[in-house]
Amino acid sequence: VNIRSNVYPTAALREADARHHWHPFTDTASLNAEGVRVIVGADGVWLTDSDGNRILDGMAGLWCTNIGHGRPEIAEAVNAQMKELSYYNTFFKTTHPPAIKLAEVLAEVTPPHINRVFFTSSGSEANDTVLRMVRTYWQVAGKPAKQTVIARRNAYHGSTVAGASLGGMGAMHGQGGLPIPGIHHIAQPYWFGEGGDQDPNAFGVAVARELEKAIDEIGEDKVAAFIAEPIQGAGGVIIPPETYWPEIRRICSERDILLVVDEVICGFGRLGTWFGSDYYGVEADLMPIAKGLSSGYLPIGGVLISDKVARMLENGGEFFHGYTYSGHPVCCAAAIENIRILREERIVERVAEDTGPYLQEKWRQLGEHPLIGEARMVGLVGALELVPAKPSREKRFLAEGTAGTICRDISFKNGLVMRAVRDSMIISPPLVISHEEIDELARRVEKTLDDTLVALRKEGMMG
Ligand code: PXG
């Protein structure tokens, strides 16, 4: 197999992949029976597969390619850094210019109360760091019993032991004895699915108050932190009602627990603001980041640390924690160049003022389709809820996830990557998407919904 300028037929690539490659989040037996999809190139918002098809990347890779695929400036920055200093660590009283520069740039784009960063290679690692950091914080503060972290059902915080434990995915907890002790899950602010007949704002407050109840049950003297995504991504683009975040911030402050806002998906412009916490006007004590930090060009993540947490940890002596690749110079160089592009091309502002509203209007129109129970979007991340009996919110498809999977497969055939979460369709395109590309995306979504409706009727699934 050539890794560049592929000349091999898809069948040969599939066969080799099936023989040797174990994929993440995959039923290996059924994948290998069906045959994997092979992507050989990408440019802007477009992917090319091994049969030469062009596919619109409606998911920005895996929610990460914020500046789009294939920018030569990043390749050049990485190439130059490789030649200058390909690797050195940041342990043992050592640093290097790329780590210094990236830390400085991050302090510029984050809110004023955040001025430090701890580097990791991924979002999962960042959340492992978070767990140890919040527990250490309270040890240093002289309240060593405050060790429990409250998280939410259907949250996604990564796939390592700590990440998957903080996450609220039942299927993940079912494998490998998770969650680890000391993590407590409460409800998510998912109005469409779980709001019953409450109005969204009343529901937002009620769900936030579950945090207060959980703190009372566990005991304030035992709770270290609450962790949540501004908008849940992998859980199905769950956009909380407006009342939710202010209530969460109030509760965390009154009860003296740290607030961790997981910015792995929402960070770096996804909501039309630099961070999801900016969009909701909520001050975080810690913010794990990854994905859009480098637009996925190289693996890098981190934990952004507020002054309050930094001051406390400074009193604690050595923090016995770090990764070989914390602040990897080449990954830092990619991230610095990525942030330069985001700033100089005003990409975040464009999402807020131009491309976001433009796609949101198309999305609202798609919401009128007979298959769609709700169309929701903030910035450039959204979901379409498939329902069998519009306008009923209560009536859902019987075998949950079947309609979503059918729709996702049809979407691929129509040249669009949309992700299915249960029976909702998710979109999170590169932030550089143009108006023409948004028009094309909306056309492909509409055709996909039409085709899906025909397929579901044929299966007798509509009703
Ligand atoms: N936090 C959040 C909010 C995430 O979305 C992570 C942490 C973990 O990051 P790493 O870099 O370790 O993957 C994520 C990752 C999906 C999907 O199918 C979503 C993620 C990863 C893989 C698949 O939606 N999010």
Side-chain angles (χ1 to χ4, degrees), residues 23-27 31 37 57-66 118-131 149 151-169 171-172 178-179 183 188-189 225-240 259-268 270-271 275-277 279-280 284 286-304 323 325-326 328 331 334-335 378-379 381-383 401 404-405 408 411 417-422 424-429:
H23 289 256
F25 279 93
T26 294
D27 174 342
L31 174 72
R37 176 179 304 112
D57 183 7
M59 282 305 296
L62 210 45
W63 321 78
C64 58
T65 318
N66 289 10
F118 180 96
F119 288 119
T120 71
S121 298
S122 69
S124 297
E125 282 184 4
N127 281 320
D128 274 56
T129 300
V130 158
L131 182 66
V149 177
R152 303 185 302 190
R153 290 192 280 280
N154 196 40
Y156 191 80
H157 297 297
S159 212
T160 51
V161 168
S165 294
L166 292 167
M169 302 285 181
M172 292 176 78
L178 303 180
I183 294 172
Q188 56 177 337
F226 173 64
I227 182 169
E229 304 150 79
I231 288 175
Q232 281 151 271
V237 186
I238 311 293
I239 301 174
L259 175 57
V260 183
V261 179
D262 184 335
E263 296 277 3
V264 169
I265 284 179
C266 295
F268 303 94
R270 179 59 53 198
L271 309 188
F275 295 93
S277 53
Y279 181 83
Y280 287 108
L286 291 170
M287 306 203 302
I289 54 173
K291 294 193 190 275
L293 168 58
S294 67
S295 282
Y297 280 72
L298 284 175
I300 182 166
V303 180
L304 297 168
Y323 307 107
Y325 302 130
S326 284
H328 191 291
C331 302
V378 168
V381 61
T405 306
R408 184 201 56 201
S411 181
V417 183
M418 253 197 308
R419 194 162 144 4
V421 177
R422 300 177 304 275
S424 45
M425 306 311 299
I426 306 303
I427 213 98
S428 172

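Counting convention: from 1, in listed order, for ligands and their atoms alike. Atom set for the values below is all heavy atoms of this structure, side chains included, hydrogens, waters and symmetry mates excluded.
Remark: ligand 1 atoms within the under-4.0 Å shell around heavy atoms of Ile265 are 5 (O). The atoms of ligand 1 that sit less than 4.0 Å from any heavy atom of Gly158 are 6 (C), 7 (C), 8 (C). Listed by number with element, the atoms of ligand 1 under 4.0 Å from a non-hydrogen atom of Asn127 are 1 (N), 7 (C). Atoms of ligand 1 lying under 4.0 Å from at least one heavy atom of Gly123, given by number and element, are 8 (C), 9 (O), 10 (P), 11 (O), 12 (O). For ligand 1, the atoms closer than 4.0 angstrom to any heavy atom of Asp262 are 1 (N), 2 (C), 3 (C), 7 (C). Near Ser122, with a cut-off below 4.0 Å to any heavy atom, the atoms of ligand 1 are 11 (O), 12 (O). Taking every heavy atom of Glu229 and a limit of under 4.0 angstrom, the matching atoms of ligand 1 come to 3 (C).
Between the choices Met59, Glu263, His157, the shortest heavy-atom distance to atom 7 (C) of ligand 1 belongs to His157.
If you look at Thr160 next to ligand 1, there are no close heavy atoms at all, none under 4.0 Å. Contacts of Glu125 with ligand 1, taken as heavy-atom pairs under 4.0 Å, are absent altogether. Only the side chain of Leu62 comes within 4.0 Å of ligand 1, judged by heavy-atom distances.
Between Tyr156 and Met169 the shortest side-chain heavy-atom distance falls below 4.5 Å.
Nearest heavy-atom pair across Asn66 and Arg270 is OD1-NH2, 3.4 Å. Of all non-hydrogen atoms in Leu271 and Ile231, the two that sit nearest each other are CD2-CD1, 3.7 Å. The two residues Pro179 and Ser165 have their closest heavy-atom pair at CA-OG, 3.4 Å. Scanning all heavy atoms of the two residues, the minimum distance from Ala155 to Gln232 falls at N-NE2, 4.1 Å. Across Pro288 and Val260, no two heavy atoms sit closer than the pair CD-CG1, 3.6 Å.
Here Ala284 pairs with Val261, Met287 under the side chain to side chain contact (heavy atoms under 4.5 Å, CB included) rule; sequence neighbours left out.
The main-chain N or O of Ala335 is never found under 3.5 Å from a side-chain atom of Ser294 such that the two would form a donor-acceptor pair.
The shortest contact between atom 13 (O) of ligand 1 and any protein heavy atom is with Ser124 OG, 4.3 Å. Atom 2 (C) of ligand 1 has its closest protein heavy atom at Tyr156 O, 3.3 Å.
Between atom NE2 of residue His157 and atom CG of residue Asp262 there is a gap of 5.5 Å, rounded to the nearest 0.5 Å. Interatomic distance, Glu125 CD to Phe118 CZ, rounded to the nearest 0.5 Å: 9.0 Å.
At most 12 heavy atoms of other shown residues, nucleotides or ligands fall within 6.0 angstrom of atom OH in Tyr325.
Here's the thing with Val264: none of its N/O atoms is less than 3.5 angstrom from an N/O atom of ligand 1.
Using 4.0 Å as the threshold, Trp63 has a heavy atom nearer than that to some atom of ligand 1. Heavy-atom distances between Lys291 and ligand 1 reach below 4.0 Å in at least one pair. Using a non-hydrogen distance threshold of 4.0 Å, Arg419 registers as a contact of ligand 1.
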